[in-house]
Amino acid sequence: MILTRYMLLLKRLFKKKSYIVMLAIVPLMVLALKGVSRGDAGLMTIGVYVPGEDYASSALKESIETEPGRFRYIFYDDSDKLIADVKSQKLSEGWICPDNLDEAVENIVASGQTDEKIEIIIREQGLSHLLGREVLNSRVYESMARQMASTYIADKLYKGSQSKEQNEKILNTFDSYEINGNLFEMGYLDDTNPQNNNVTNYIMMPLRGILALWLLTLSIAASMYYLEDEKNGLFIWWKPRFGLIRDFLYYVVIMAIPTIMVIVGLRFGGVSTSLHREILSITIYDFVLICLANILREIIGTIKGLGIITPVLIMASALLSPVFVDFKEGRILQKLCPTFHYLNSINDAYYLKTLILFGITLLLIHSIVRLIIRR
């Protein structure tokens, strides 16, 4: 009889247009992000103007051509055309190198400054441009390291008075040593490695955080459904001995299918880790969200009030949790946010424990609030 009531509740949910719309958000968002991440431009389209034929210029060209990464690069023969394309938003940004990049590198190594610099042309500031600057730095650093090593060795061996042949021998020796990507391997503290060995696309990285915020929104919506059903007299003949359990299971019915969709979405989006950890973390996260939603429902008590507090709660969670950016400062405030614990629990068992503790604390608070309000 009790199971039948919950099955009927699930059936009623699929008659609600708002619930169907909320469910449709997940596959549409994942498909959209996958489509954008697979586009030709990747994260950014960067125009590159390298007029010189010196070693540093040639090395930069070769680095971009052989290992473009997630960026799309377009080489230009005219710097003015590059600037015009940045202005018209055909390019995300542009890199304009000096006529002799070797000379700029040598001046930097010798005196720490140079008049000839690489110009980065952007139309507006953003996080992607900061990443682009770091990528450019890493590609030019090879030439910097080569020149620094040459200067250091020449100073030690020849007191800075080496011949042209001796200098070429030093550079050739440096070039004979090649370090590739096999030197590095990324892993997590709990050894919860991603589902594949490929690097996650930049665009897909916020997916887990976005879906976590979506579940938070859905838990608040569940409280709105509860208040609506309570107003319509659904619970008049549904009074079990333990009302707390009935309420909890009410939320579970609403959250079950969206939770499964999140797990599938993470898997399809390529940001999933081990299935065991995914299920464990999101189950505990759901428990925490249900406790939080129950507390808010008991305290606020109206659909309008919950509607007002929802955007505030989502914005605060997005700011305090590593959804887009992880702020190391203000950890005390961050630990008051359940989404923060969930996102960190995927690869760190410590936060899995704190998430459990968070849920137990909220369950006790809910029990006390419920007892006080209904007395």
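A quick note: this is a predicted structure, and the numbers were derived from the prediction, not measured.
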Measuring from [X]:[atom1] to [Y]:[atom2], what's the distance to the nearest 0.5 Å?
{"X": "Y49", "Y": "E119", "atom1": "OH", "atom2": "CD", "answer": "11.0 Å"}
{"X": "I46", "Y": "W95", "atom1": "CD1", "atom2": "CH2", "answer": "4.0 Å"}
{"X": "D348", "Y": "S345", "atom1": "CG", "atom2": "OG", "answer": "8.5 Å"}
{"X": "D80", "Y": "D85", "atom1": "CG", "atom2": "CG", "answer": "11.0 Å"}
{"X": "M315", "Y": "L319", "atom1": "CE", "atom2": "CG", "answer": "10.0 Å"}
{"X": "K117", "Y": "I96", "atom1": "NZ", "atom2": "CD1", "answer": "15.0 Å"}

[X] and [Y]: same hydrophobic cluster, using ILVMFWY side-chain contacts below 4.5 Å?
{"X": "I64", "Y": "V135", "answer": "yes"}
{"X": "I20", "Y": "I25", "answer": "yes"}
{"X": "Y76", "Y": "Y73", "answer": "no"}

Take R208 and E278 through the salt bridge (charged side-chain N to carboxylate O under 4.0 Å, His left out) test and state the conclusion after the steps.
CA-CA 11 Å; R208 182 185 300 278; E278 292 288 352; 2.7 Å; yes
Greater than 12 external heavy atoms within 6.0 Å of I332's CD1:
no
How about OH on Y152, more than 12 heavy atoms from neighbouring residues, nucleotides or ligands closer than 6.0 Å, or not?
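Not more than 12 within 6.0 Å, no.
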Please report whether the ring centroid of Y250 lies less than 6.0 Å from that of Y225.
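Between Y225 and Y250, the centre distance exceeds or equals 6.0 Å.
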Between [Y] and [X], do the side chains contain a donor N or O and an acceptor N or O under 3.5 Å apart?
{"X": "Y285", "Y": "T259", "result": "no"}
{"X": "D286", "Y": "T283", "result": "no"}
{"X": "Y226", "Y": "D247", "result": "yes"}

Should Y342 and S321 be marked as a side chain to side chain donor-acceptor pair (under 3.5 Å) after you check the CA-CA gap, both sets of side-chain angles, and the distance that decides it?
CA-CA 9 Å; Y342 164 66; S321 304; over 6 Å; no
When you compare the side chain of [Y] with that of [X], does any pair of heavy atoms fall below 4.5 Å?
{"X": "V21", "Y": "S18", "result": "no"}
{"X": "C97", "Y": "L60", "result": "yes"}
{"X": "I300", "Y": "I309", "result": "yes"}
{"X": "S219", "Y": "I290", "result": "no"}

Would you say the side-chain atoms of D99 pair up with the backbone N or O of G52, donor to acceptor, closer than 3.5 Å?
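Not confirmed, D99 side chain does not pair with G52 backbone.
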Mind listing the side-chain donor-acceptor pairs of residues 354-368 below 3.5 Å, one per line with the distance, residues two or more places apart or on another chain?
residue	atom	partner	partner atom	Å
T354	OG1	H341	ND1	2.8
T354	OG1	Y351	O	2.9
T361	OG1	L357	O	2.8
S367	OG	L363	O	2.9

Salt-bridge present (R297, E230; N to O < 4.0 Å):
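Result for this pair is no, no salt bridge flagged.
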